[in-house]
Structure formats: C-alpha cells, structure tokens
There are 2 protein chains.
Amino acid sequence: MALGKDYARQECSIARALEVVGERWTLLVVRDALYGVRRYNDFLVHLGIPRAVLAARLQTLTAEGILEKRRYQDSPPRDEYVLTDRGIALWPTLRALGLWGREHFTETQLRAFRHATCGTELELGPYDECPACGTVVPVPDVEMVPGPGLDPAPADPVSRALLKPKRLLQPIETDPA
Amino acid sequence: MALGKDYARQECSIARALEVVGERWTLLVVRDALYGVRRYNDFLVHLGIPRAVLAARLQTLTAEGILEKRRYQDSPPRDEYVLTDRGIALWPTLRALGLWGREHFTETQLRAFRHATCGTELELGPYDECPACGTVVPVPDVEMVPGPGLDPAPADPVSRALLKPKRLLQPIETDPA
DNA sequence: AATGTCAGTTCGGTCACTGAATCAAGGGGG
DNA sequence: CCCCCTTGATTCAGTGACCGAACTGACATT
C-alpha cells in the first residue's frame with residue numbers, strides 16, 4: 001500500500017502485516033531479495049524504483065527486522081541487504097500471490113520452481129510441498145528456472161543474471177557484459 | 001499500492017498481482033468480503049476507510065473480476081458486492097499474510113480457523129489442509145472463530161457480528177443493537 | 001413536510017511518490 | 001595532486017493519491 005501506512009482500529013494480523021509490508025514497492029523488494037538481489041544498485045536497476053523510495057523501504061525493512069544490513073567489504077565500505085528469517089518467512093505469501101497472478105492475469109508461465117535436491121517441479125501451493133519427496137521444501141532448496149514467457153534478452157544485468165537457474169537466496173552474479 | 005499503480009518493466013506474476021490488489025485498502029476489502037461483508041456501509045464502518053476510496057476500490061475490484069455487484073432489492077435499489085471465484089482464490093494469499101503477521105507482529109491470537117465439517121483447527125498453512133481429514137478444506141467450509149486477543153465488545157456492529165463463529169463467505173448479520 | 005438511511009460524488013488540504021539533480025566517501029588513472 | 005568514476009544515498013520541486021467533511025439524490029419512515 002502506500003500513504004499513511006497504518007490501518008487504525010484494525011484488530012487483525014492481516015492488517016498488521018500490511019502495515020509492515022503493504023506499502024508500494026515493499027513486497028517487490030522482498031521478492032528480489034529472495035531471488036538473490038542484495039545491493040542497493042541492483043535493486044535500483046531491476047525494479048526501476050525511485051532512489052529515495054528504495055532508500056526509505058530498505059530502512060523500514062531493516063528496522064522491522066526483515067532485512068539485515070551487512071558490511072561485505074571495508075574499503076571502500078560497502079553494505080548489502082540480506083533477508084532475515086522473518087523476511088524469508090514471507091516466501092509463502094509471495095508464492096501465493098504469484099500463483100494467483102499467474103492463474104488469473106498472466107498468459108504464459110514466467111518462472112517455475114523446483115525442488116533443488118530432486119529436480120521435481122513445485123506446483124501445488126505456497127508451502128512448496130514436493131510431490132516426489134512429500135516433504136515441505138525449505139526455501140534455500142527451491143530452485144528457480146526461467147519459464148517460456150520470460151524475455152530471453154533483457155536490458156538490465158540483474159534480469160540477465162536471473163535467467164540462469166538458481167536457488168532462492170543465493171546471491172546473483174552480475175556479469176559486466 | 002498507491003500512485004501510478006503499475007510497476008513498469010516488471011515481468012513477474014507477483015508484480016502483476018500487486019498491480020491489481022496492491023493498492024492501499026484493497027486487500028482489506030477482499031479480507032472483509034471473505035469474512036462475509038457485502039454492503040458498502042458495512043465495509044465503511046468496519047474498515048474506517050474514506051468513502052471515496054472505498055467507492056474507487058469497489059469499482060476497481062469489480063472491473064478486475066474479483067467482486068461482483070449484485071442487486072439484492074429494488075426499492076430502494078440496493079446492491080451488494082460478492083466475491084467471484086477469482087476473489088475467493090485470494091484466500092491463500094491472505095491466509096499466508098495473516099499467519100506471517102501473527103507469527104511476527106501480533107502477541108495474542110486474534111482469530112482461529114477450523115474445518116467446519118469436522119471441527120479440527122487449521123494451523124498449517126495457506127492452503128488449509130485439515131490435519132484430521134488430510135484434505136484441503138474448501139474456502140466455504142472454513143469456520144472462523146474469535147481468538148482470545150480479540151476485543152469482546154467492539155464499537156461497530158460489523159465487528160460485533162464477526163465475533164460469532166461463522167463460515168467464510170457466509171453473509172454477516174448485523175443486529176441493530 | 002421533516003427526518004433518516006444508503007450509496008455514493010465533490011472538494012480543498014495534506015502527504016507520499018516520482019524523477020532529476022546533488023552530495024559524500026572512497027578508489028584509480030594520469 | 002587533480003579529475004573522474006562508482007556506490008549509496010539525500011534534497012527538492014512537481015504531481016497525484018489519499019483524507020475527512022460536506023453535499024447529492026433516491027427512497028422510507030414518522
């Protein structure tokens with residue numbers, strides 16, 4: 001959502017959750033983080049989000065314990081934003097939203113998700129129960145592969161990096177091509 | 001979300017879904033509809049949403065095929081808004097969001113959900129798999145019961161109507177007390 | 001006729017978002 | 001040393017969404 005982000009008078013976990021992640025762009029930042037994006041600039045080019053808004057969202061998400069700011073080199077000092085357990089726990093929500101969006105508004109499949117340890121495609125629902133193993137697949141073991149509907153040659157390097165099959169949470173590798 | 005609600009350049013079912021239901025208040029309107037709210041005025045008092053925003057959201061949701069406007073009496077002409085299958089399909093998303101909000105931000109349990117046909121509490125995940133029956137419970141068979149954290153005597157009649165255990169989608173009965 | 005209800009629409013003010021410009025801290029090259 | 005580049009922001013003017021209150025219009029009740 002956006003604007004005055006509190007829903008006064010609402011006694012509801014859903015409303016509470018939306019106060020935290022309901023602002024515009026917020027869930028897309030979390031999605032990118034799950035896809036392995038970690039750096040300010042990568043979020044910027046991949047989302048096309050205004051810089052000020054990105055800075056504000058990263059700060060809010062960090063304050064709410066969803067992202068953690070981490071120094072990854074000292075000179076020059078550079079930080080990256082990685083998901084905490086609380087942030088990773090948003091995966092079922094994003095998965096449910098993505099399944100709904102694909103079912104009702106997207107013609108072709110853009111991405112598929114597989115159980116990395118056995119290769120089986122995860123199709124059922126937000127909790128990624130593996131039809132072969134019968135277990136709930138932990139988020140780091142979910143492998144993302146591009147679907148037929150995805151642009152094969154996107155302009156920005158982050159989208160290009162996301163064309164390779166990769167596990168969730170695994171940092172992306174942007175080639176400088 | 002708000003403001004220019006489209007996320008340009010995003011090739012993603014999640015972004016697509018957020019363009020439809022990501023604006024402020026939208027998901028709360030859908031939540032209320034799942035709880036059985038159907039009338040303009042009931043949404044208004046229960047959500048505390050500005051009238052103009054509610055009118056806009058109801059129109060958008062109707063245009064997107066999530067709600068359906070239905071005449072329920074002719075004089076005076078009165079319409080109610082009921083969820084379509086596309087709208088009902090948002091339940092797993094809202095369930096996931098509510099579970100995450102409760103887990104991380106709400107101290108006491110506000111509402112519980114049970115399998116109406118066998119009484120078993122649904123705790124696992126967005127898809128409401130019943131631990132007793134082993135089946136996925138269809139949305140109309142999910143019974144909502146108030147939890148210990150809920151205000152026992154709320155001010156507005158809609159909140160009061162929602163204190164009684166009731167199935168999802170079943171219309172609320174507001175007593176004029 | 002007067003009052004009340006329901007479902008909106010209109011309107012001015014405020015505040016968040018947008019996009020461009022700018023800033024600051026540290027390399028690296030010449 | 002000076003200039004420019006990269007990264008991670010902050011500032012600022014302009015736009016537009018949201019807010020709350022007032023108003024409209026159709027009908028019902030008293």
Side-chain angles (χ1 to χ4, degrees), chain A residues 1-10 18-19 21-29 32 37-63 67-82 156-158 172 174 176, chain B residues 1-10 18-19 22-29 32 37-63 67 69-82 156-158 172 174 176:
Chain A
M1 260 99 264
L3 209 54
K5 66 182 175 188
D6 62 312
Y7 298 97
R9 311 186 311 93
Q10 291 293 320
L18 286 173
E19 288 178 359
V21 296
E23 285 177 298
R24 185 157 157 75
W25 296 112
T26 303
L27 280 177
L28 291 184
V29 171
D32 268 21
V37 177
R38 296 182 166 194
R39 315 247 262 252
Y40 181 93
N41 221 49
D42 289 340
F43 286 112
L44 201 67
V45 302
H46 189 232
L47 292 173
I49 180 178
R51 312 177 86 87
V53 177
L54 176 59
R57 294 295 178 274
L58 290 174
Q59 195 155 15
T60 306
L61 286 170
T62 304
L67 292 178
E68 201 177 9
K69 193 173 187 169
R70 207 158 60 184
R71 178 67 44 102
Y72 70 92
Q73 76 179 28
D74 276 317
S75 101
R78 291 285 179 266
D79 300 308
E80 59 185 5
Y81 296 88
V82 291
D156 72 290
V158 179
I172 60 168
T174 53
Chain B
M1 255 102 265
L3 209 53
K5 67 181 175 192
D6 61 313
Y7 299 98
R9 310 184 312 93
Q10 291 292 319
L18 286 173
E19 288 178 359
E23 284 176 298
R24 186 159 155 75
W25 295 111
T26 303
L27 280 177
L28 291 183
V29 171
D32 268 23
V37 177
R38 295 181 166 196
R39 317 248 260 251
Y40 182 90
N41 220 48
D42 288 341
F43 285 112
L44 201 68
V45 302
H46 189 233
L47 293 174
I49 182 179
R51 311 176 83 87
V53 177
L54 176 59
R57 294 295 179 274
L58 290 173
Q59 195 156 13
T60 306
L61 286 169
T62 304
L67 292 178
K69 193 173 185 169
R70 207 158 60 185
R71 178 67 43 105
Y72 70 92
Q73 75 177 32
D74 276 318
S75 101
R78 290 285 179 265
D79 300 307
E80 60 185 3
Y81 296 88
V82 291
D156 73 288
V158 178
I172 59 169
T174 52

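On a predicted model such as this, the values are computed, not experimentally measured, just so you know. Throughout, protein chains are lettered first and strands after them, A, B, ... in sequence-line order, and every chain is numbered starting at 1.
Contact between the side-chain N/O atoms of B/R24 and the OP1/OP2 oxygens of C/dC15 is not found at any separation under 4.0 Å. Residue A/Y81 places none of its side-chain N or O atoms closer than 4.0 Å to OP1 or OP2 of D/dT7. Taking 4.0 angstrom as the limit, B/R51 places none of its side-chain polar atoms (N or O) nearer than this to OP1 or OP2 of D/dC23. The side chain of B/N41 places an N or O atom within less than 4.0 Å of a non-bridging phosphate oxygen (OP1 or OP2) of C/dC6. The phosphate of C/dA7 (OP1 or OP2) has no side-chain N or O of B/K69 nearer than 4.0 angstrom. Between B/W25 and the phosphate of D/dC19, there is a side-chain N or O to OP1/OP2 separation shorter than 4.0 Å.
In this entry the distance linking CD of B/Q59 with P of C/dA7 reads 15 Å, nearest Å. Whole-Å rounding puts the B/I49 CD1 to D/dA17 P distance at 15 Å. Whole-Å rounding puts the B/L54 CG to C/dT9 P distance at 11 Å. The nearest whole Å value for the distance from the CG atom in A/L58 to the P atom in D/dA9 is 7 Å. Atom OH of A/Y40 is separated from atom P of C/dA24 by 16 Å (rounded to the nearest Å). At whole-Å resolution of the value, CD in A/Q73 and C1' in D/dT7 are 9 Å apart. In this structure, B/L44 atom CG and D/dA21 atom C1' are separated by 13 Å, rounded to whole Å. In this structure, B/L28 places its CG atom 13 Å from P of D/dC18, rounding to the nearest Å.
Contacts of B/V53 with the nucleic acid, taken as non-hydrogen atoms under 4.0 Å apart, involve only primed sugar atoms and P, OP1 or OP2. Residue A/A56 is classed as having no contact, given no heavy-atom separation below 4.0 Å to the nucleic acid. In this structure, A/F43 reaches neither bases nor backbone, as no heavy-atom distance under 4.0 Å exists between it and the strands shown.
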Subject >> Test log, rule side chain to side chain donor-acceptor pair (under 3.5 Å), inputs B/Y81 and B/R39 >> reply: CA-CA 6 Å; B/Y81 296 88; B/R39 317 248 260 251; over 6 Å; no
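Checking side-chain atoms of B/Q59 against main-chain N and O of B/T62 turns up no donor-acceptor pair under 3.5 Å. Looking at B/R24, its side chain never comes within 3.5 Å of a backbone N or O of A/R24 through a donor-acceptor pair.
Each of A/A52 and A/P77 was matched to the nucleotide of DNA chain D holding its nearest heavy atom; the match closer to the 5' end belongs to A/P77.
Of all nucleotides listed (D/dC27, D/dA9, D/dT7), D/dT7 comes nearest to the side chain of A/R78. For B/A55, the listed nucleotide lying nearest its side chain is C/dT9; candidates were C/dT9, C/dG27, D/dA28.
For the side-chain hydrogen bond (donor to acceptor under 3.5 Å, both in side chains) criterion with B/D79, the lone passing option out of B/R71, B/R38, B/R70 is B/R71.
Counting heavy atoms from C-beta outward, A/L58 and A/L67 have side chains that approach closer than 4.5 Å.
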